[in-house]
Participant: 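Before I ask anything, here is the structure I am working with.
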Amino acid sequence: MNYDFNVIVVGGGHAGCEAALAAARMGFNTALITMDPDTIAQMSCNPAIGGLAKGQLVREIDALGGEMAKVTDATGIQFRMLNTKKGPAVRSPRAQADKHLYKEEMRRRLETQENLFILRDTAESLLMDRNKVAGVGGGSGVEYRAEAVIITTGTFLRGVMHTGKTITVGGRAGEPSAENLSGSLRAVGLELGRLKTGTPPRLNAGGIPFEELASQHGDERPQPFSFSTAEIRRPQVPCYITYTNPKTHKIIKDNLDRSPLYTGQIKAIGPRYCPSIEDKVVRFADKDAHQVFLEPEGLDSQEIYCNGISTSLPCDVQEELAHSIRGLERAEIVRYGYAVEYDFVPPTQIKANLETKCVEGLFLAGQINGTSGYEEAAAQGIMAGINAVLKLQGRPPFILDRSEAYIGVLIDDLVTKGTLEPYRMFTSRAEYRLILRQDNADRRLMKYGHQFGLISRPQWNRLEEKESLINWTRAYLKENLCRGESLEKILRRPEIDFNHVMELDLGHKLKKKELPQDVKEQVEIEVKYEGYIQRQLAQVEKFKKMETLGLPSWLNYSKIPELTNEARQKLNQIRPTSLGQASRISGISPADISVLLIYLKGKADRSRSPA
């Protein structure tokens, strides 16, 4: 049997959901192939969305027309804005979600989406037409044909789970792995590697005396993730905090010879910034305690996620270490932690539009590109979905640069630098983070979502009204005085906020205008940080000049003898599209960039000279 589509998305995780929705909403018949539709948008690890830098990604996905922020708002049970005591460049929203409601709500939106078909099957192979992808061969024997295929397989490519010496084939507890697709990816010319991630035990809330533990509540007035959500109405719940102790650490040290991480059983590299409790105890031997967040998995669930003690130790050791922690002495483990190893594609093999360099029409998104985290996956998913459609339409690719979005930083890091460990986004990775704030993602990116038909007319009208109010308010503050000083100059003082300025407004127009809170916030940030913002915008102009100096795809760097051997090898492998991208490749020195500049200038001069 054969089925014909325009776009095929393999995998129903966070990347797959955003990719499929974007392609379908742009008007193309899209198939989402998943081994089990009941696990679409499953939160395999902690039941939370956002966090430092990740919250920026979610708001950017929303500004482009994605669903992650909206589903989080509909199912979130605790909302917090992180880093509120620091500057606006590093503030990030985070929300605990009801994990069961989250996947149900996302699946509902997929099932009701026009042009989108959800198919239960396992992708076993790629169908090819010379160097172009032609579809996917399913385990059921069905051939699904399409000119664009997006692979978003998460941890399921030859996934293997470890708990002590017990090894189970699968990409997630209780679920099988995709065993054959890796071979097909290798056959078309892609190099594969192995990565590792892990998860902690889950506990039954009934045995935990929460009243004896420190509680962590959300914000009193929860701020929605999505720019289209008016307010959060769902009941909010606290999380709780406890700590490991010397007894816990001794239990772990005494059983390192039974840990797959230390016996050599696990060979893949795990996430540096989210280590297992075994790694924490070994690497930070001077610390007597590590924080453990007890996070509820849902309003109607008794399961508690133990954030901070990810482990692959044997079950009996997990029991012992959990019961050594204050508050968990009598807690029942309902699911044991484990580590999972899986195949990934080192991402220097993909272009900035997430299309593979060796196969036309084949796109990769999510953990297959070496990333970790729901947010990083979803960001790649929406970009892959948009670019797959643009490819079919014969239109130029959609590429966000580092000065436009955290999504641009994420993808540029992957395709330019690659990764040898699960990649995680941080605010420190974004050199222009003062202008890439979570609060202005709509103003930066919604124009693109509108252009691609992913942002509705009412949403666009609201943004235009917001921009109009911001411009009016900025002009009013410049032109109106209080005691001989402009209101704008007064607002620049550290101790003054927008509400103070409203009280000082002798014309009372600011009050009469009834400005929305997000307008006040934007104006206050722009006024207080204007000097810093202007300085960063000047840096962006320099950056863009380097990005406009294009490097031709046919250039053979082996024939430029002045380059170092490492530079020739790296440049031929990655094929940067601009001098700016070349400068960010690991191992490329300023001297190599100077050589390329001279080479390009010489080529340009020779092309202009008369024959």
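Computation of the quantities below employed the complete heavy-atom set of this structure, encompassing side-chain atoms and omitting hydrogens, waters and symmetry-equivalent molecules.
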Participant: Using side-chain contact (heavy atoms from CB on, under 4.5 Å), reason through Leu414 and Thr348 one step at a time and then give a plain yes or no.
Facilitator: CA-CA 7 Å; Leu414 292 174; Thr348 52; over 6 Å; no

Participant: Under a plain distance cut-off of 3.5 Å, with no hydrogens placed, do Asn461 and Arg457 share a side-chain donor-acceptor pair?
Facilitator: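 Their side chains do contain a donor-acceptor pair, which is all the 3.5 Å distance test asks for.
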
Participant: Between Glu547 and Lys544, is the closest basic N to carboxylate O distance under 4.0 Å?
Facilitator: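 Salt bridge: no.
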
Participant: Between Thr356 and Leu362 (side chain of the first, backbone of the second, donor and acceptor by atom type, cut-off under 3.5 Å), is there such a pair?
Facilitator: yes

Participant: For Ser184 and Glu124, does a side-chain donor sit closer than 3.5 Å to a side-chain acceptor?
Facilitator: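 Result is no, nothing qualifies.
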
Participant: Donor-acceptor check, side chain of Asn440 to backbone of Arg443, threshold 3.5 angstrom: yes or no?
Facilitator: no

Participant: Are the charged groups of Glu341 and Lys267 less than 4.0 angstrom apart, N to O?
Facilitator: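 A salt bridge is absent here (no side-chain N lies under 4.0 Å from a carboxylate O).
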
Participant: Is Asn387 reaching over with its side chain to a backbone N or O of Met383, donor-acceptor style, under 3.5 angstrom?
Facilitator: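 Checking the backbone N and O of Met383 against the side chain of Asn387, a donor-acceptor pair under 3.5 Å is found.
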
Participant: List the atom of Ala48, the atom of Arg94, and the distance in Å for their closest heavy-atom pair.
Facilitator: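 Closest approach of Ala48 to Arg94, heavy atoms only: CB-NH2, 3.4 Å.
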
Participant: Looking at Lys391 and Glu355, does any basic side-chain N land under 4.0 Å from a carboxylate oxygen?
Facilitator: yes

Participant: Between Thr34 and Arg120, is the side-chain contact (heavy atoms from CB on, under 4.5 Å) condition met? List the steps.
Facilitator: CA-CA 5 Å; Thr34 174; Arg120 181 192 290 266; 5.8 Å; no

Participant: Under a plain distance cut-off of 3.5 Å, with no hydrogens placed, do Asp73 and Ser226 share a side-chain donor-acceptor pair?
Facilitator: no

Participant: So, do Met68 and Tyr374 sit near enough that their side-chain heavy atoms are less than 4.5 Å apart?
Facilitator: yes

Participant: Assess whether a salt bridge exists between Glu179 and Arg158, defined as any Lys/Arg side-chain N lying under 4.0 Å from an Asp/Glu carboxylate O.
Facilitator: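 The answer is no: the pair does not qualify as a salt bridge.
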
Participant: Taking the cut-offs as 6.0 angstrom to the six-membered ring centre and 45 degrees off its axis, would you call Arg145 and Tyr3 a cation-pi pair?
Facilitator: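 So Arg145 doesn't make the cation-pi contact.
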
Participant: Charged N to carboxylate O under 4.0 angstrom, Glu231 versus Arg233?
Facilitator: yes

Participant: If I take atom CE from residue Met35 and atom OG1 from residue Thr122, how far apart are they, to the nearest 0.5 angstrom?
Facilitator: 5.5 Å

Participant: Could you go through residues 149-157 and list every donor-acceptor pair under 3.5 Å that involves a side-chain atom there, pairing it with any protein atom two or more places apart or in another chain?
Facilitator:
from   : atom 1 : to     : atom 2 : distance (Å)
Thr152 : OG1    : Val10  : O      : 2.7
Thr152 : OG1    : Gly11  : O      : 3.2
Thr155 : OG1    : Gly171 : O      : 2.6

Participant: Under a 4.5 Å cut-off applied to non-hydrogen side-chain atoms, are Ser372 and Tyr273 in contact?
Facilitator: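 No - every pair of side-chain heavy atoms lies 4.5 Å or more apart.
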
Participant: Taking side chain as C-beta onward, heavy atoms only, is Tyr406 less than 4.5 Å from Arg433?
Facilitator: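 They are in side-chain contact.
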
Participant: Would you kindly check if the NZ (Lys) or CZ (Arg) of Arg429 is within the cone defined by 45 degrees around the ring axis of Tyr423 and under 6.0 Å from the six-membered ring centre?
Facilitator: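 Yes, Arg429 sits over the ring of Tyr423.
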
Participant: Taking atom CD1 of Ile266 and atom NE2 of His162, what is their separation to the nearest 0.5 Å?
Facilitator: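 The NE2 atom of His162 is 4.5 Å from CD1 of Ile266, to the nearest 0.5 Å.
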
Participant: Heavy-atom distance under 4.5 Å between the side chains of Leu119 and Tyr144, does that happen here?
Facilitator: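 Counting from C-beta outward, Leu119 and Tyr144 do come under 4.5 Å.
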
Participant: How about Asp300: does its CG atom have over 12 heavy atoms from other parts shown lying under 6.0 Å from it?
Facilitator: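 Count not over threshold, so no.
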
Participant: Might you point out which heavy atoms bring Ala148 and Ala388 nearest each other, and give the distance in Å?
Facilitator: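 Looking at all heavy atoms of both residues, the shortest contact is CB-CB, 4.0 Å.
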
Participant: If we count only N and O atoms by modelled type, under 3.5 Å, do the side chains of Arg437 and Gln56 hold a donor and an acceptor together?
Facilitator: no

Participant: With side chain to side chain donor-acceptor pair (under 3.5 Å) as the test, would you mind laying out the steps for Ser140 and Asp121 before giving the verdict?
Facilitator: CA-CA 7 Å; Ser140 61; Asp121 206 342; 2.5 Å; yes

Participant: Can you see which heavy atom on Pro222 is nearest to which on Phe79, and at what distance?
Facilitator: CB-CB, 3.7 Å

Participant: Check the surroundings of atom CZ in Arg272: do more than 12 heavy atoms from other residues, nucleotides or ligands lie under 6.0 Å from it?
Facilitator: no

Participant: Is any side-chain N of the basic residue among Asp413 and Arg402 closer than 4.0 Å to the acidic one's carboxylate O?
Facilitator: yes

Participant: Counting the benzene-type ring for Trp, do Tyr432 and Phe543 have ring centres under 6.0 Å apart?
Facilitator: yes

Participant: For residues Asn6 and Thr30, is any side-chain donor paired with an opposing acceptor at under 3.5 Å?
Facilitator: no

Participant: Salt bridge or not between Arg335 and Glu297? Use side-chain N to carboxylate O under 4.0 Å.
Facilitator: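 A salt bridge links Arg335 with Glu297.
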
Participant: Before giving the answer on side-chain contact (heavy atoms from CB on, under 4.5 Å), spell out for Leu190 and Arg186 the whole-Å C-alpha distance, their side-chain angles and the decisive distance to 0.1 Å.
Facilitator: CA-CA 5 Å; Leu190 289 167; Arg186 282 198 180 91; over 6 Å; no

Participant: Is a salt bridge present between Glu105 and Arg109, judged by a nitrogen-to-oxygen distance below 4.0 Å?
Facilitator: yes

Participant: Does a salt bridge link Asp442 with Arg462, judged by any charged N lying under 4.0 Å from a carboxylate O?
Facilitator: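 No, no charged N to carboxylate O under 4.0 Å.
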
Participant: Could you go step by step and tell me if Gln349 and Val415 meet the side-chain contact (heavy atoms from CB on, under 4.5 Å) rule?
Facilitator: CA-CA 7 Å; Gln349 299 172 92; Val415 304; over 6 Å; no

Participant: Please check if any side-chain donor atom of Gln380 sits under 3.5 Å from a side-chain acceptor atom of Asn369, or the reverse.
Facilitator: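 Side-chain D/A pair, Gln380 to Asn369: present.
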
Participant: Under 3.5 Å, side chain of Glu404 to main-chain N/O of Asp401, donor-acceptor pair present?
Facilitator: yes

Participant: For a 4.5 angstrom cut-off between non-hydrogen side-chain atoms, does Ile588 reach Ser583?
Facilitator: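 Counting from C-beta outward, Ile588 and Ser583 never come under 4.5 Å.
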
Participant: Does Arg584 reach the main-chain N or O of Gly580 with its side chain, forming a donor-acceptor pair under 3.5 Å?
Facilitator: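 Pair found, side chain donor or acceptor close to backbone of Gly580.
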
Participant: Hey, do the aromatic rings of Phe5 and Phe28 have their centres closer than 6.0 Å?
Facilitator: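 No: the rings miss the under 6.0 Å criterion.
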
Participant: Has the side chain of His100 got a donor or acceptor atom that lies under 3.5 Å from a matching backbone atom of Leu299?
Facilitator: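 Flag not set: sc His100 to bb Leu299 has no pair under 3.5 Å.
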
Participant: Any donor-acceptor pair under 3.5 Å linking the side chain of Asn46 with the backbone of Asn307?
Facilitator: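 No, Asn46 side chain to Asn307 backbone: no donor-acceptor pair under 3.5 Å.
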
Participant: So, Glu60 side chain and Ala379 main chain: donor-acceptor pair closer than 3.5 Å or not?
Facilitator: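 No, because the side chain of Glu60 does not come within donor-acceptor range (under 3.5 Å) of the backbone of Ala379.
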
Participant: Side chains of Thr311 and Tyr338, heavy atoms from C-beta outward: is any pair under 4.5 Å?
Facilitator: no

Participant: With the side chain counted from C-beta on, respond yes when Glu67 and Asp62 share a heavy-atom pair under 4.5 Å apart, and no when they do not.
Facilitator: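 No, side chains not in contact.
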
Participant: Show your reasoning for whether salt bridge (charged side-chain N to carboxylate O under 4.0 Å, His left out) applies to Lys103 and Asp38.
Facilitator: CA-CA 8 Å; Lys103 71 173 185 176; Asp38 290 336; over 6 Å; no

Participant: Hey, what do you get for CD1 (Ile386) to CG (Leu454), rounding to the nearest 0.5 Å?
Facilitator: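 Interatomic distance, Ile386 CD1 to Leu454 CG, rounded to 0.5 Å: 5.0 Å.
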
Participant: What's the spacing between Lys351 NZ and Lys357 NZ if we round to 0.5 Å?
Facilitator: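 These two atoms lie 9.0 Å from each other.
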
Participant: Checking Arg59 side chain against Phe225 main chain: does a donor-acceptor pair fall under 3.5 Å?
Facilitator: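 Yes.
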
Participant: Compare all side-chain heavy atoms of Leu195 with those of Pro422 and state whether any distance is below 4.5 angstrom.
Facilitator: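 Leu195 vs Pro422: side chains touch.
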
Participant: Does one side chain, of Thr416 or Gln581, offer a donor that lies under 3.5 Å from an acceptor on the other?
Facilitator: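 Yes, because at least one side-chain N or O of Thr416 sits under 3.5 Å from a partner of the opposite role on Gln581.
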
Participant: Mark yes when over 12 heavy atoms from residues, nucleotides or ligands other than Gln223 sit less than 6.0 Å from its CD; otherwise mark no.
Facilitator: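 It does: Gln223 CD has more than 12 such atoms within range.
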
Participant: Is Lys99 reaching over with its side chain to a backbone N or O of Pro47, donor-acceptor style, under 3.5 angstrom?
Facilitator: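 Not at all, since once roles are kept as given, no pair shorter than 3.5 Å links the two residues.
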
Participant: If you count every heavy atom of other residues, nucleotides or ligands that lies below 6.0 Å from Ile167 atom CD1, does the total exceed 12?
Facilitator: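 Counting other residues, nucleotides and ligands, CD1 of Ile167 exceeds 12 neighbours.
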
Participant: May I ask you to decide whether Glu175 forms a salt bridge with Arg172, counting only side-chain N to carboxylate O separations under 4.0 Å?
Facilitator: yes

